[in-house]
2 protein chains.
Amino acid sequence: MKRKQRSRIRWNLRQEILAFIARWYRQERTYPTVREIQRGLKISSPSVVAYHLRRLEEEGLIDRIGRRSRGIRLRRWPDGLAPEEDMIPIPFLGPIAAGEPIPHPDAEPLGWIRIPRSWLADGDDLFALRVQGNSMIDALVGDGDLIIVRPTPEVEDGEMAVVWLRDRHETTLKRVYREKERICLRPAHPIMSPLYVPAEVVQIQGKVIQVLRNLNGISLPAER
Amino acid sequence: MKRKQRSRIRWNLRQEILAFIARWYRQERTYPTVREIQRGLKISSPSVVAYHLRRLEEEGLIDRIGRRSRGIRLRRWPDGLAPEEDMIPIPFLGPIAAGEPIPHPDAEPLGWIRIPRSWLADGDDLFALRVQGNSMIDALVGDGDLIIVRPTPEVEDGEMAVVWLRDRHETTLKRVYREKERICLRPAHPIMSPLYVPAEVVQIQGKVIQVLRNLNGISLPAER
DNA sequence: CTTGACATGGAACAAATGTTCGGATAAGAT
DNA sequence: ATCTTATCCGAACATTTGTTCCATGTCAAG
């Protein structure tokens, strides 16, 4: 009498399933169903998939969300390379130039730039400015660069800050060092000499978190 | 005889549905089902949702993938702000410093950095280097900066390139201008004077696509 | 060889999910 | 008021999807 040949045990099937889920997500931007895994890996029964999914969950490699369809989630991605990542929208407020005060942080954004969450310590309350002109070149920031700023009236010693100099009506980027009666504004460029000004002249607008420079013709903030 | 009060027509329900889908995706990292939309927006029947989804598809605002569960896709996101985006992995090859040649582009990566796809013209064949020291400061690139490079032996006039100077055994970043017999290497810093060298001395390693500087203590390439 | 942990197969069930249909209603246009 | 279009509603239906159960098989270790 004819007996169906049972297929050989695939001892690394759980790894295959993990890889399949990642592959499927990359392509479809959604997670596969049990039966999609079954068909994709030529598994004979959904129960086999269910069995391995349960084991994977016990091993802490995946999460499952109740009984919802497509409720599988990868805990860690193979190679640590998640295909997508949270992007935090940051308002783009406009230009920053030597002779002009920066736009007010609460102003209506001219556009948005999105930064991967993992690039920032915490995503609250940032904004982006585009540098105009070469006046901040001693901060190693050139024309067209984009800077990400956290608005704050105080920074730690040595941090790069957006500074408004009341007496000169000028915006600049400098490293700030507090001294007794005065404040030392030090350029990032090591051969440039520092500037010493009275404390009451300095108005700190925010702390520079990041500098982005694109040389391939793509301008980052998606103006709309 | 008692008649159930029919709710008022919500003339902007389709917009509500669009916003709901975006919100749901942001939170759950997956698309909602018809009935999840129904419950979330307190709609009386799944047929109402189905009706509006059909209309949204006709208007080209969403796509639907067959009859699969969670087969709704947003064509455009409200405000153009997709919560996630493709991140392209770029190999991090190591340091770049004045006295050293850069690592070979095919070398084993020391880590990976992920860049949003929209920040790059095309994602093929890039690598990342971390700048060591202040030797490239006249290119407005400082110690610790990360540069994204496309390896190529040729660049257009005026483009920023990674250059190996054979005679000095030195790596540098300069804007390259071809002249008759010689090549002009111009610093990004406008007050620095250009360097003229014979063409055979210059070996172009690649074109600088992007410069990233993080001042908040997070180092971008996730070394593993 | 025997044993036991682990993996597979098939079927059925229950729940979730997408769809269809006819009729009713709301609201703007004429 | 009448007409017309768009919308809403409830129910039922057809698939899809997750799950369970039990029998059976594989294979490495002892």
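From a predicted model like this one, the values you see are computed outputs, not experimental measurements. FYI, side chains are in, hydrogens and waters are out, and symmetry mates aren't considered; it's all heavy atoms of this structure. Residue numbers begin at 1 in each chain, while the letters A, B, ... track the order of the sequences.
Per the geometry, CD1 belonging to B/Ile72 stands 15 Å off C1' belonging to D/dT16, to the nearest Å. In this structure, A/Arg67 atom CZ and D/dT20 atom C1' are separated by 9 Å, rounded to whole Å. Rounded to whole angstrom, the span from the CZ atom of A/Arg35 across to the P atom of C/dA16 amounts to 15 Å. Protein atom CG of B/Asn12 is 14 Å distant from nucleotide atom C1' of D/dA6, rounded to whole Å. Here the P atom of nucleotide D/dG18 and the CZ atom of A/Arg73 are 11 Å apart, to the nearest Å. Separating the CD1 atom of B/Ile9 from the C1' atom of D/dC9 is a distance of 12 Å, rounded to the nearest angstrom.
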Inset, instruction - Begin from the C-alpha positions of A/Glu159 and A/Lys207 and carry the test salt bridge (charged side-chain N to carboxylate O under 4.0 Å, His left out) through to its verdict. - result: CA-CA 7 Å; A/Glu159 288 188 331; A/Lys207 171 186 167 186; 3.0 Å; yes
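When side chains are defined from C-beta on, A/Leu140 counts as touching B/Arg213, because their heavy atoms get closer than 4.5 Å.
No hydrogens or angles were tested; on distance alone, a donor-acceptor pair under 3.5 Å links the side chain of A/Ser45 to the base of C/dG10. Interface remark: the A/Ser47 side chain does form a donor-acceptor pair with the C/dG10 base, using a distance-only criterion of under 3.5 Å.
Note on the helix from C/dC1-D/dG30 to C/dT30-D/dA1: terminal axis deviation equals 20°, with five pairs used at each end and the result rounded to 10°.
Both B/Ile43 and B/Arg68 lie close to DNA chain D; mapped to their nearest nucleotides by heavy-atom distance, the more 5′-ward contact belongs to B/Ile43.
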